[in-house]
Asker: 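This structure is in structure tokens; I'll ask about it shortly.
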Amino acid sequence: MEPQQAWQVAYSQLQLQLDRASFDTWLRGASFIGVEDGIYVIGVRNPYARDMLQHRLYRNVRRVLMDVLGSPVELRFEVRQMEINGKKLPPREEMPLFKLLAEQPSSYNENEVVQPLYEQVARPQRAVLPESELNPRFTFERFVVNNSNRLTYEAARAVAENPARYYNPFLIYGGVGLGKTHLLQAIAHVCRAKGLRVLYIPSEAFTNDLVDSIRHKTTAMFRDRYRSVDVLLVDDVQFMAGKESTQEEFFHTFNALYTFNKQIILASDRPPRELVTLEDRLRSRFEGGLSVDVQPLEFESRVAILEMWARERELTLAPDVMNVIAQRAQNNVRELEGLFNQVVTKAHLEHRTLTVETVATDLERYERPRQHRREVTLPQVIEAVAAHFRLTVDDLTGKGRSTRINQARQVAMLIARELTDTPLTQIGDAFGGRSHTTVLHGCNKMTEEIDQDPTLRETLAQLKVALRGH
Ligand code: ADP
Ligand code: MG
């Protein structure tokens, strides 16, 4: 078989074997140039594709070509102007920076001929990594693990123990305040302790750095800096959405690192498929590694975190007090942290002991903005809940203790607590003269139950929407 033909066959087989994003990014348009000293020379679109094929995909491509030829073969990839079906591909639309970068020799290939353009930008000096501050508190030891986040935690540990081995890129996504930054930095701590070059950077800082380097004509240094690390952690990548030049540069950084088997770790507050404005190819790369999510923590984990914080500050908190705080902060750990700090600081300033009552009162004040609690009244809550559970108002506020009545009553108490201004004692009064601790207990119990029971959680959410009117 003619070499040219053999390459054509191999090329079409690779199209079937590789995932589409990889094929499109690295191989599409790769053309046979010739055989030199028995080596197949293949032209590719840009230096990134060349590096990728030469390093990461080499064995793949070689095997396919060998199968076609039936004999051993070696390949070499060179950057050439591409043609598809006889048509020259238009040069890719690139920002000036990237044109410049594409023509500069890269730091990891120092033997390359120095191109004239190289002289026009500031000479790259030894890359100095900005010693990005890591929060010493964000360690694996201080990360409370529970059912809702165990897998994520374990995946993060695996990445930290064996960077670039298992999951690359590794993406952690999920809502605000659920521990993404904490996990990213925990990985960074472990890798740094191993002596690896680790760079942790929020994506806005990456963008700013890029803009600065363009302004000060230090793009070569910029490029060196980010490409000389063993582990790159970029936080809050959702902020890159819509910023094309940042994405473009990040994509190249990403490829350079990936090609040389360095670990890339990202955090985003949106799942990869929702990073809609990120370029497709960037997105498909995210999906090529492992994406794991962080979920809101269950009640017990929130309490466990409070216990840890109290221990660290050598405070003793009554279990009831921790329950009240944990019950209030349902959405995320940052909220939990805020409430904990406020309560503790206040108690400290006023030299008083923390009791359930004082804490509950303190928390009332910090509660959600007023407008969320506006017109909803206690009788409205009771009626709505009674109707929903097909009970009468008397059932709900009476002495009955059947499971269904009890559950409905706790739902009503929790909603009253969240949507109205009514103090606990008055809520207790409305429910047949129950004490405020009973109300508190009911609310706690319900909070735990909705953690476990999605149907109940849905019921609660619907009732709240119905009551608030939005
Ligand atoms: P995100 O980056 O997801 O917005 P952070 O990582 O900044 O959230 O977490 C917010 C706060 O909550 C931090 O103080 C962090 O230490 C703490 N935190 C979050 N999840 C946990 C957890 N599972 N165990 C202990 N602390 C946690
Ligand atoms: Mg964060």
Side-chain angles (χ1 to χ4, degrees), residues 132-160 169-192 198-208 231-241 264-272 274-275 286 290-313 315 317 322-323 325-345 366 447-448 451:
S132 50
E133 285 303 316
L134 293 181
N135 185 331
R137 291 158 53 83
F138 288 177
T139 60
F140 281 121
E141 290 67 37
R142 291 189 73 261
F143 194 81
V144 170
V145 186
N146 192 297
N147 292 334
S148 63
N149 61 13
R150 176 160 289 119
L151 284 177
T152 302
Y153 171 84
E154 269 159 19
R157 274 223 102 116
V159 170
F170 181 59
L171 170 70
I172 302 176
Y173 66 91
V176 172
L178 295 179
K180 299 182 296 297
T181 298
H182 188 133
L183 280 175
L184 239 59
Q185 296 202 2
I187 300 175
H189 281 301
V190 171
C191 293
R192 233 173 230 184
V198 176
L199 180 57
Y200 165 87
I201 190 161
S203 78
E204 302 103 303
F206 181 87
T207 305
N208 293 342
V231 180
L232 177 67
L233 306 105
V234 185
D235 206 346
D236 292 317
V237 291
Q238 72 275 1
F239 292 131
M240 281 190 201
I264 296 137
I265 302 165
L266 310 163
S268 156
D269 72 1
R270 267 155 270 177
E274 279 175 34
L275 292 167
F286 286 175
L290 179 71
S291 309
V292 291
D293 63 344
V294 281
Q295 293 284 341
L297 289 175
E298 306 90 333
F299 181 75
E300 305 86 73
S301 314
R302 301 200 296 267
V303 173
I305 291 181
L306 290 172
E307 281 167 357
M308 174 176 78
W309 289 340
R311 214 171 32 246
E312 286 173 354
R313 298 191 186 193
L315 286 170
L317 293 188
M322 291 197 274
N323 288 348
I325 303 176
Q327 192 231 310
R328 284 306 171 88
Q330 287 169 21
N331 302 321
N332 64 57
V333 189
R334 191 166 300 155
E335 189 181 349
L336 188 69
E337 201 175 22
L339 294 184
F340 173 81
N341 286 338
Q342 279 167 334
V343 166
V344 170
T345 312
Y366 305 123
T447 309
E448 282 173 49
D451 266 343

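Index from 1, following the sequence. From a predicted model like this one, the values you see are computed outputs, not experimental measurements. Indexing begins at 1, ligand by ligand and atom by atom, following the structure's order.
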Asker: Tell me the closest heavy-atom pair linking Leu306 and Met322, and the distance in Å.
Answerer: CD1-O, 3.3 Å
Asker: Would you say the side chains of Ser301 and Glu298 form a donor-acceptor pair under 3.5 Å?
Answerer: yes
Asker: Which parts of the protein, at residue level, reach under 4.0 Å of ligand 1 through a heavy atom?
Answerer: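 Protein residues near ligand 1 are Phe138, Arg142, Phe143, Val144, Asn149, Gly175, Val176, Gly177, Leu178, Gly179, Lys180, Thr181, His182, Leu297, Ile305, Val333, Arg334, Glu337.
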Asker: Mind jotting down which residue pairs meet the salt bridge (charged side-chain N to carboxylate O under 4.0 Å, His left out) criterion with at least one end in residues 301-313? Sequence neighbours excluded, please.
Answerer: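 Listed once each, the pairs are Arg137-Glu312, Arg142-Glu312, Arg302-Asp451.
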Asker: Give me the ring orientation class for Tyr153 and Phe143: parallel if the planes are under 30° apart, tilted from 30 to 60°, perpendicular past 60°.
Answerer: parallel
Asker: Please name all residues satisfying side chain to side chain donor-acceptor pair (under 3.5 Å) with Asp235, sequence neighbours left out, ordered by chain then number.
Answerer: Thr181, Tyr200
Asker: Using only atom types and a distance under 3.5 Å, with no angle test, would you say the side chain of Lys180 pairs donor to acceptor with the backbone of Gly174?
Answerer: yes
Asker: Do the side chain of Ser203 and the main chain of Asp236 share a donor and acceptor less than 3.5 angstrom apart?
Answerer: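 Checking the backbone N and O of Asp236 against the side chain of Ser203, a donor-acceptor pair under 3.5 Å is found.
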Asker: Quick check: closest heavy atoms across Ala186 and Thr139, and the distance to 0.1 Å?
Answerer: CB-C, 3.8 Å
Asker: Return all protein N, O or S atoms below 2.8 Å from the Mg ion (ligand 2), chain by chain in residue order.
Answerer: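 For the Mg ion (ligand 2), the protein N, O and S atoms that sit under 2.8 Å away are Thr181 OG1.
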Asker: Evaluate the side-chain proximity of Pro296 to Asn332: yes if any heavy-atom separation is below 4.5 Å, no if none is.
Answerer: no
